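In what follows, every chain begins at residue 1, and chains take the letters A, B, ... in the order their sequences are listed. Bear in mind the structure is a predicted one, so any value in this text is a computation, not a measurement.
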Amino acid sequence: MKESFIENLNSLNEAQRLPTLHKDGALIIIAGAGSGKTRVLTYRIAYLMTQGVDSFSILALTFTNKAAREMKERISTLVGSNESKNLWMGTFHSVFARILRSESDKLGYPSNFTIYDAQDSERLIRSIIKEKGYDKELYKSKQIKNRISAFKNNLITVKTYFNDLDLQESDKISQRPKMGDLYREYVDRCFKAGAMDFDDLLLRTNELLNRFPSVLAKYQDRFKYILVDEYQDTNHSQYLIVKILSDKFQNICVVGDDAQSIYAFRGANINNILNFQKDYQDTTVYKLEQNYRSTKTIVSAANSIIKHNITKLEKNVWTNNSDGEKIIIQRLPTDSDEGRYVASSIFEIKMNMQKNNSDFAILYRTNAQSRALEDALRNRDIQYRVYGGVSFYQRKEIKDILAYLRVIVNTKDEESLKRIINYPPRGIGQTTIDKLVVSANENNLSIFETIQRAMELKVPISSSIIIKLQEFVSLIKGFIIFNEISNAFEISNEVAKKTKILIDLKSDGTPEGISKSENIEELLNGVKDFVEGQRDLADFNGTLSEFLIDVALATDFDNNKNNNQDTVSLMTIHLAKGLEFPLVYIVGMEEDLFPSPMNIDTRGGLEEERRLFYVALTRAKEQAFLTYSESRYRWGKLNSCEPSRFISEIDEQYIINSTPKDSYRSKPIINTSIFDRIPIIKKRTLSNDNLINNPSSTKLLKLRHINSLNNVTDNSNELLKKFKKGDLVEHQRFGKGKVVIIEGIGNDKKASIDFYGIGVKKLLLNFAKLKIISNA
DNA sequence: TGCACCGATGTTTTT
DNA sequence: CATCGGTGCA
């Protein structure tokens, strides 16, 4: 084992090997994009273990659970799975949720505390605002939630808030004098519900470590070596946890890249990495500057972008890789054209260069942009997977089942209880729930207790409804008993069956119902996998409460369904951090979108957007494509757009700016995609000498030919083909209107029509009863 | 109380 | 455009 590991060490370069073999003390590794920082972390942990450090004493904090899992796998191949079994690796949130779980009694929490996700928190805040009768225009639940989150991430407790006149003053100025009350009530209600939100997992950990010296000593002694990945994205709360835990041994290794700090909006403090040397005396600073991931073109282009930022650590990222292809910049008329362009381009590159779907990623600034891309990929029969967005666990039907499970584990969980008390409908309406909430708060009881004691508490509810409530209580109590003798899978199955949720959805006949029931079945499979997967782990039993913690902190990447399928990846740039793909499309390169308009008023905000662009571009190994549209649907309305300022910040020698003919903008888009008419890399063949010798570019020359073979046949009836932009039409219900745009193909062809006095409607031409009055 | 429909409203980014 | 909350009727 050891010999082969030493051999492996030789595969590291000098800059990587030095921090890898640096055993004790504080070290910071400034790692440029693609410089192999994960490798250094992995090898360093393995090295520590070969030096006699027990894996039990190592804590590694990563940014995603997926990163932790992968790293752990690699370590176990290096040193053996038995040796690495006890490593503590995971995100801040999941590691400290685990610790809190075993120490929660000290803080007055049940060990089965519920973890509220962002949606739960917001719902609770909304209902508090409503109960208190505050103006919901002034107190927007989302804003309140963000503010509370910011308080927590900066360790401003309710008490601190009320001791801080400046804070209170600033809320008064912004017309929210009740902010403090809301904050207090929210914290109170979470506590009563036995619930922690995401920020609590960090805040309460700080509380735990600061208030209980024995607990602190226990974990300080245990974690003799601490490693933190993506240190540039830690917030103040996380920073303090790391600081206090590492205080005893000071064996702390942080890895990060200030140029890739992109989470300021959730409290990430770039100063944590900039000031690391001040926090630990005798810090050794290492820099990884050689990029192994990308072509010279990508690396240089990315450098030319980040150069525009003032706040940064100096470093010089370089590569020995080949020049590679230039970055293609493509302008398009609309967002659906953008989708078609990307889909066609992927299709053709796949054909000509023997690429798999999984070699491609499409990155965007906002989740909402995925739709047009998905439509286009589906039309081309290209398999894809969208990461993030509304994740699996946030779907209504999933959250409903999970709400049952959460109540079973913790009956105080208010949000979950409200969710299921009348689902499926059992005659318990909003008024009843409101009365229960009021009574529960008056008597300092949970809603579940209040229901059971409704009579003696004299809650003004009719006896017939009380009976219904009792039935609900018995149902839940039955589940609780069942759960005591079952694993997570058995109880989940029982809930889905007994409540009839699964069967009702399945038999309602609608496609939505079917798909929902399938999702629930998938959830059940997931629980099963969880139970089976945990079996060999010593400190896990596959219980429901373990599963719920896992689920609350799971992201899309952790959902291992379809993981081995060959799909194009679609995700936001944020989610793409840490990943790499041979071919990357960055779409929506427009002002008012990227950079986000919310972030352009301050230098710091704009610089963060620029770092985001830097992250996006440096995901690409071989080639990057940037696209922007001249118009885009937003909130159902067509808006015109300008190219992003970031495009002009890229050094011109690295790009090919493909500008379509002026004429094609005005042409109606009918029957064929415009990309069947316009060769994708048209400009390349004309203007770029040094690409001619490149074997891959000769392959690309054939693209035009393939294009013509790939026209999509339009099987819609003849009449439908006649509609075009500008036509005056009449609809049975909406009256007269003008065709604004036509999109889609075949039976999917749609027309957006501006009806007089009604507005723009999008109609499926196959179904809409439309008559042409006059042609454009 | 439940359900169907309507209109208002909102989009950064996520653990 | 999609979701959500509110309203009004059975």
Please determine, for the side chain of A:Arg371, which listed nucleotide (B:dC3, B:dT11, C:dA2) has the closest atom? C:dA2
Scan A:Leu593 against the nucleic acid and name what it touches under 4.0 Å (heavy atoms): base, sugar-phosphate only, or nothing. nothing
To the nearest Å, give me how far apart CG (A:Asp233) and P (B:dT13) are. 16 Å
If you look at every strand shown and take non-hydrogen atoms under 4.0 Å, does A:Tyr263 touch a base, only sugar-phosphate, or nothing? sugar-phosphate
Using atom OH of A:Tyr633 as one end and atom P of C:dC1 as the other, report the distance to the nearest whole Å. 8 Å
Parallel, tilted or perpendicular, as decided by the 30° and 60° cut-offs, for the rings of A:His574 and A:Phe265: perpendicular
Decide, applying a 5.5 Å centre-distance limit and a 30° plane-angle limit (both strict), whether A:Trp635 stacks on B:dT11. no
Whole-Å P distance, B:dT13 and C:dC4: 15 Å
How is A:Ile465 classified with respect to the nucleic acid when contacts are heavy atoms under 4.0 Å: base, sugar-phosphate, or nothing? sugar-phosphate
Please tell me whether A:Tyr186 and A:Tyr116 form a close aromatic pair, meaning their ring centres lie under 6.0 Å apart. no
Counting the atoms with a prime plus P, OP1 and OP2 as sugar-phosphate, which does A:Lys140 contact under 4.0 Å by heavy atoms, base, sugar-phosphate, or nothing? sugar-phosphate
Stepwise, does the side-chain contact (heavy atoms from CB on, under 4.5 Å) test hold for A:Arg610 with A:Leu606? CA-CA 6 Å; A:Arg610 192 175 283 115; A:Leu606 189 62; 4.1 Å; yes
Between C:dA2 (C1') and A:Lys637 (NZ): distance, integer Å: 16 Å
Upstream residue (5' side of DNA chain B) when A:Asn422 and A:Met598 are each assigned their closest nucleotide: A:Asn422
Have a look at A:Lys396 and say if it touches a base, only the backbone sugar-phosphate, or nothing, with a 4.0 Å heavy-atom cut-off. sugar-phosphate
Test of ring centre spacing under 6.0 Å for A:Tyr109 and A:Phe191: yes
Sugar-phosphate, base or nothing in reach of A:Thr431, heavy atoms under 4.0 Å: sugar-phosphate
Rounded to the nearest angstrom, tell me the gap between atom CD in A:Gln119 and atom P in C:dT3. 12 Å
Distance, rounded to the nearest Å, where A:Arg126 contributes CZ and B:dG10 contributes C1': 12 Å
In terms of the nearest nucleotide of DNA chain B, which residue is placed more toward the 5' end: A:Thr432 or A:Asn146? A:Thr432
